[in-house]
Amino acid sequence: MKPPLARKPEMATPATPGPAASFIRFVISGGGVGVPSSFAVPLLAMTMPWAVSNAIITVASTLLCTELHARFTFTKGRSARWREHWQSAGSATAAYLATSVAIHLLHLTQPSPGTMTEQVVYLSASGLAGTGRFIILRLYVFAGRRSQTTQPLMQHGTVAVPDPTGMRQPSCTSWPNGSRPQLAA
């Protein structure tokens, strides 16, 4: 016979890695997408304004990275949800602005910089923005939900108390004197 309080075993979820392990995973995932993206931006910029090509690549890489971060970096064991995609998009927007401003400042100071100079400036700005994104993603977007303690059920001065044996008492439809007794609070 099973003990009355025994529950079915729940599926184990992977434990959230510590900050250092998460950051290493973040760099691998983000860098694995970010470095190829940094080469795609100037190639796409040959056919359109740099800010537009940066925006297109940022959207595509953010969608991919959010999935990687949900599954690998922060080990949620599932695909990213819409809320996480939107919140990640907010942090990616800040990263987009940082890289765009950095390249714009580069073009103000050097009207015709070489591709290597653009890459160094772009990757440096991406690295700084990425560090900020990691902090936001870890502490806010992919942070575990705080468990809420269950409050006892209160109704008209009575308190519902769980049966410590886990056994359910048979229900009674009629009481000897016609009224149901009230438990004292």
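This is a predicted model, so every value here is computed, not measured.
Atom CD1 of Ile57 and atom OG1 of Thr99 lie 11.5 Å apart (nearest 0.5 Å). Here the straight-line distance linking atom CD of Glu118 with atom OG of Ser112 works out to 9.5 Å at 0.5 Å rounding. One finds the OG atom of Ser91 at 5.5 Å from the CD1 atom of Ile136 (value rounded to the nearest 0.5 Å). Atoms CZ and CD, from Phe39 and Gln119 in turn, are 5.0 Å apart once rounded to the nearest 0.5 Å.
Val141 and Val27 fall within the same hydrophobic cluster, where Ile, Leu, Val, Met, Phe, Trp and Tyr residues are linked whenever their side-chain heavy atoms come under 4.5 Å apart, directly or through other members. Hydrophobic clustering of Ile, Leu, Val, Met, Phe, Trp and Tyr side chains at less than 4.5 Å, counting indirect connections, unites Phe74 with Ile135. Cluster membership for Val121 and Leu44, using ILVMFWY side-chain heavy atoms within less than 4.5 angstrom, is shared. One hydrophobic cluster, built from ILVMFWY side chains closer than 4.5 Å, cannot hold both Val33 and Phe26; they sit in different ones.
Aromatic pair Phe142/His69: ring centres not closer than 6.0 Å.
Side-chain contact between Ser126 and Tyr122 is present, with heavy atoms from C-beta onward closer than 4.5 Å. You'll find the side chain of Thr73 stays beyond 4.5 Å of the side chain of Leu68, heavy atoms only.
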Determine, step by step, whether Ile56 and Met48 satisfy the side chain to side chain contact (heavy atoms under 4.5 Å, CB included) criterion, reporting the C-alpha distance in whole Å, the side-chain angles of both residues, the deciding distance to 0.1 Å, and the verdict. CA-CA 11 Å; Ile56 291 169; Met48 62 184 67; 3.8 Å; yes
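Heavy-atom contacts from other residues, nucleotides or ligands closer than 6.0 Å to NE2 of His107 number more than 12.
Remark: the Ser88 side chain and the Arg133 side chain contain an N/O donor-acceptor pair separated by less than 3.5 Å.
No salt bridge links Arg78 with Glu67; every basic N to acidic carboxylate O contact stays at or beyond 4.0 Å.
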